[in-house]
Amino acid sequence: MIHRMKKKINVFPVYNPANIENKWQKKWQSANRSGLGSASKIYKSTEDPNKEKFYVLDMFPYPSGEGLHVGHPKGYIATDIVSRFERMNGKSVLHPMGFDAFGLPAENYALKTKAHPEIGVKKNVARYKKQLEILGFDYDWSREINTTDPEYYRWTQWIFVQLFKKGLAYQSFEPINWCPSCKTGLANEDLEEGRCERCGTPVEKKPMRQWVLRITDYAERLLKDLDAVDNAGLPLIDWPASIKESQRNWIGKSEGSLITFTFSNASHKKNIEVFTTRPDTLFGVTYVVLAPEHALVADLLPVVKNRQEVEAYISQAKLETEIERTDAKKDKTGVELKGVKVINPVNKKEVPVWISDYVLADYGTGAVMAVPAHDDRDWAFAKKFKLPIKEVISPLFVSEYSSDAWRSQEPEVIRPTVVCIIKHWSENKYLFLNKKDLADLGKDVVVGVAGGIDGGEVHEVAGAREILEETGYKNARFVKSLGEPVAYRYYSKNGKQNRLGMLYPLYYELKDGEQVQVSEEEKFLHQTTWLTEKEMDVYLNTRPFNPIFWERFKGTTRPYTGYGILINSEKFDGTSSADAKRPITEYAGGAMKTTYKLRDWVFSRQRYWGEPIPLIHCEKCGVVHVPEKDLPVKLPKVKSYEPTGTGESPLATIDKWVNVKCPKCKGNAKRETNTMPQWAGSSWYYLRYMDPKNKKVLVDSAREKYWSPVDLYVGGAEHATRHLIYARFWHKCLYDIGIVSNIEPFKKLQSVGLIMGEDGRKMGKRYGNVVNPDDIVATYGADTLRLYEMFMGPFEQQIAWNTSSMVGSRRFIEKVWKLREKIDVTEVSIEADLYITKNIHKAIKKVTDDIQVLRFNTAISSLMIAVNEIDKQKSLTRPQYEVILQLLAPFVPHVAEELWMSLGNKKSVHISVWPEYDAKYLVDADMTIIVQVNGKVRGSFIATIDSSNADLEQRAKNLPDTNKWIEGKKIIKVVVVPKRLVNIVVV
RNA sequence: GCCGGGAUGGCGGAAUUGGUAGACGCACACGACUCAAAAUCGUGCGGAGUAAUCCAUGGGAGUUCGAUUCUCCCUCCCGGCACCA
């Protein structure tokens, strides 16, 4: 027995979060005065070379006028837990917070409230900060940043200057997305289904002077580095597959060829260049299509015979919005350029040229070669305008039956074959064969009458011959061919060779039932069978190509867009279409080419509330950048920041600000008046946290090397194709000029699942289902809110808020609080003491493992289990209790600190050393062995950990529960899974 | 259409080299305490059945001694891309 002194009964107050939360929040943030430990504030981040670093980052908020709802802090709670955990594990932690406040929402709010955006931003930031503070986060507020602070945006502008100097920023006059409501140009990333992401207004294409960033120069690196690995061969960026996939989709790489079609009329000097991912289908081109905006169209107009019709179509296309224009479901429209023909470079055949809005001007070359037989869109177009359809690929099928599977060691022979669909002379049924020689396949194999074509035989004659030989029917009338052949790869047992059958489908009708005797040999192989259309499934399922034949027979053919074997392609016939891409491209005199869907980043906004673009337009020198020493170019005060809608920003009206001397020639010049988009400041903010006050450089290189990269980045998945692409792009640019030392900014990315309203809808003012964290904190306390949000379910999963479920978290905290009364109240047996210790060590392991992989719900569950088990005992020791408090500290920092300090500790629990588990406490001496009979659980018994398999088997067989199940049966097998179960198999 | 993720009690969710399905929490029911209620504590809680037992992880097949877990097919839900040649 361990003897412990019985302590005097504690008079300890009941749990009341209001009494402790605010108190500790103040002490933590000014810990130097409160004497909580080290001389500095406990959350102060320092570049300590003796410590491993950990940089954990939240996507900083955009403070709106509405304040936070309970969904917003979910990610912040998670990073706070990780941050506290890593600090307790001895790491130097950087866990900063700041605010992103440039852009349309703040400006629109200012217009609405008729106050300068600066005022609203200040107010909203203060409100957000307060809301964050009452949740007890461990941010180092001395590193706070704000993107609208001139000391911050000085460096945003500095980065722009570097991009400009490298030629990565350029002026464009191309039509761009224009939001008529927000009165500004937008980037592709700012659109949602053709609408302005902010206000939902359909965007227009409007030609306008814009500053554009060459993100497409980085497309390949942005794509490739998603899969980059570090020296140890581990993924360099550990991101959710879905976000990586979204970025891949957005970048949209496709590899293909550029093929030139020359005009057959020698008077046109220019050619049409098309981009295609399917050069293997080049022999199937039956026309060429240009986008209505294509530059060649204007050149061709003088020689086009139907000029008026063409011009009418072009102006019609211009009237459509992007949404109408790119709706894949709408009917195809288009006009032929009459009198113009181009020559297909592979077969020198003339094909017509059309214009149609299904061809996009800004993708590829703005022109496509149409292969209606093998492309859905070309097919629809060709059908509508009655253009020819030429098949050049036979779908390829490979035998799936082992008995005739292709054998790799044998050569392959191409074998033309006919396959017949034969209709009854008077009824609606069709003649097939029930194959006997394939009976080993174990199912009914119904096939069409078919056979190889012997040298030079005409197909329809061969078909009639096969019908006679295999079925005896004499009078089969050939009706029609059912199109081009289908390729089938199999092994011929008779011919002892691999074959590539080219199966020609033919349709016959029997005139009558007149029959001759079928040879004994044929009779042995199969018998005939008649199927109605309804019974067709039997036939359709037996060979993979059957559905294609049947489709063709019924006239419901669709284009075949897959790969296969080339036909009607001259010298390429019989080759695999996938392998023929390069040879055909070369044969056509074309070149392989890679294209991306990613567009350059339209970077200017015709609005007031953004970073001024630091450029100067000089009459003599052209566009020059503001010298770095003169940055920031401060956003001037302006009387009206109402957008003008003219394509100029409101800044253009401030002559005093606009008119400057050229930094190069000192002559008269004007400032650029466009501002940067909302995404600018957030594209690099994670770097500034490393060195927020530096007046000389963006970030000190030693500090950057210490903190980079961000170890854990937590935020919403909706940023996958905006912020996260832009930040990676800027980061790579900064890497190229030596400012940062890693090619990727964010090592591990974790997306936060949204918290929905209690009604299951998105939480927001418009549904009236907003839950305010301030109210929850007032009623339940911040610790309960934190615990509940982490316990709700898997962190990355979207989940509905449920206030009534939250009491469970509060009860748990109170249980822990009351557990304090049981410290050393009585003597404890060795068994009970060990029991408690074991439970604690199990919890240490589970919590430690789970926090690192962000599985907070199961971490909390394991803590609940441990506390429940301990609570069953009469007493526990102070060290045992303290470990529980340490494990709880990241989740419920206030309660943990209050209880920790109440025990007489002098230093904060949050800078105590994270407990370690001892593996010897994780194993139990006994184990429960499950006994199954034929896989069903029939009983169980307790065995010691060192029992042999033979012991377990014997005990299982002797178990009374199992007896009735094995009595009188024969045991044919016993499966023993060590430490788990015994399964007795009987018959 | 293509790609990615998912479906488990009344509810949120646990459980994976395949080995007792429903941990933990909410709700609910009953009991204790109370004049009473709340709070708290205790017990029960997938469905059917008196029971033995049977059924049950979206549906259907398969592999296996054994499947929530692996394979194939299907349905539905969420997210991304989409006339991208």
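Chain naming here is simple, since letters A, B, ... match the order of the sequence lines and numbering starts at 1 in each.
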### Between K318(A) and Y313(A), a side-chain donor and acceptor under 3.5 Å
no

Enumerate, atom names and distances included, each donor-acceptor pair closer than 3.5 Å involving a side-chain atom of residues 856-865 of chain A, sequence neighbours excluded.
residue : atom : partner : partner atom : Å
T858(A) : OG1  : D850(A) : OD2          : 2.8
T858(A) : OG1  : R855(A) : O            : 3.2
S862(A) : OG   : A859(A) : O            : 2.7

Residue set satisfying side chain to side chain contact (heavy atoms under 4.5 Å, CB included) with A295(A), at least two apart, ordered chain then number -> none

**Message:** Can you see whether N177(A) engages D190(A) through a side-chain donor-acceptor pair at a distance of less than 3.5 angstrom?
**Reply:** no

Give R855(A) one of three labels, base, sugar-phosphate or nothing, depending on what nucleic acid heavy atoms sit under 4.0 Å from its own. sugar-phosphate

Hits for ring pair (Phe, Tyr, Trp, His ring centres under 6.0 Å) against W250(A), two or more places apart or cross-chain, chain-then-number order -> none

The complete set of side chain to side chain donor-acceptor pair (under 3.5 Å) pairs with one or both residues in residues 358-371 of chain A, sequence neighbours excluded, reads S254(A)-Y363(A), Y358(A)-D378(A)

Quick tally for nucleotides 17-28 of chain B: nucleotides whose base has a protein heavy atom under 4.0 Å get B, sugar-phosphate-only ones S, the rest -, giving --BBS-BBSSS-

Are E821(A) and K818(A) ion-paired here, with the side-chain N under 4.0 Å from a carboxylate O?
no

Do any side-chain nitrogens or oxygens of S254(A) fall under 4.0 Å of OP1 or OP2 in A85(B)? yes

With sequence neighbours left out, the residues meeting side chain to side chain contact (heavy atoms under 4.5 Å, CB included) with E718(A) are none

ask   = Under 4.0 Å between a side-chain N or O of Y363(A) and OP1 or OP2 of A85(B)?
value = yes

The dot-bracket string of RNA chain B, counting Watson-Crick and G-U wobble pairs with both distances under 3.5 Å, using [ ] for crossing pairs and | for pairs to another strand, is (((((((..(((......[....))).(((((.......))))).(((....)))..(((((..]....))))))))))))....

Without placing hydrogens or testing angles, list every side-chain donor-acceptor pair under 3.5 Å for residues 590-597 of chain A, not counting sequence neighbours.
residue : atom : partner : partner atom : Å
Y596(A) : OH   : E220(A) : OE1          : 2.3

Need one value for V274(A): base, sugar-phosphate or nothing, where a base atom within 4.0 Å counts as base even if backbone is also close, heavy atoms only.
nothing

Could you tell me whether P240(A) contacts a base, only the sugar-phosphate backbone, or nothing, with contacts defined as non-hydrogen atoms closer than 4.0 Å?
nothing

Close N/O contacts between protein and nucleotides 4-7 of chain B (under 3.5 Å):
none

*Taking the six-membered ring of W965(A), is the NZ or CZ of K969(A) close enough (under 6.0 Å from the centre) and on axis enough (within 45°)?*
no

If the P atom of G60(B) is compared with that of A52(B), how far apart are they to the nearest Å?
27 Å

From NE2 of H374(A) across to C1' of G1(B) the rounded distance in Å is 19 Å

I725(A) CD1 to C81(B) C1', in whole Å, measures 12 Å

(Q) With rounding to the closest Å, how many angstrom separate the P atoms on G10(B) and A23(B)? (A) 14 Å

Protein-nucleic acid N or O pairs under 3.5 Å, nucleotides 47-58 of chain B:
residue : atom : partner : partner atom : Å
A52(B)  : O3'  : K964(A) : NZ           : 3.4
U53(B)  : OP1  : K964(A) : NZ           : 3.1
C54(B)  : OP1  : R938(A) : NH2          : 3.3
C54(B)  : OP2  : R938(A) : NH1          : 3.2
C55(B)  : OP2  : K936(A) : NZ           : 3.1

Those residues at least two apart in sequence (or on a different chain) that pass ring pair (Phe, Tyr, Trp, His ring centres under 6.0 Å) with Y788(A) are W801(A)

Just list the side-chain donor-acceptor pairs under 3.5 Å for residues 929-941 of chain A, sequence neighbours left out, or say none.
residue : atom : partner : partner atom : Å
N934(A) : OD1  : V986(A) : N            : 2.9
N934(A) : ND2  : V986(A) : O            : 3.3

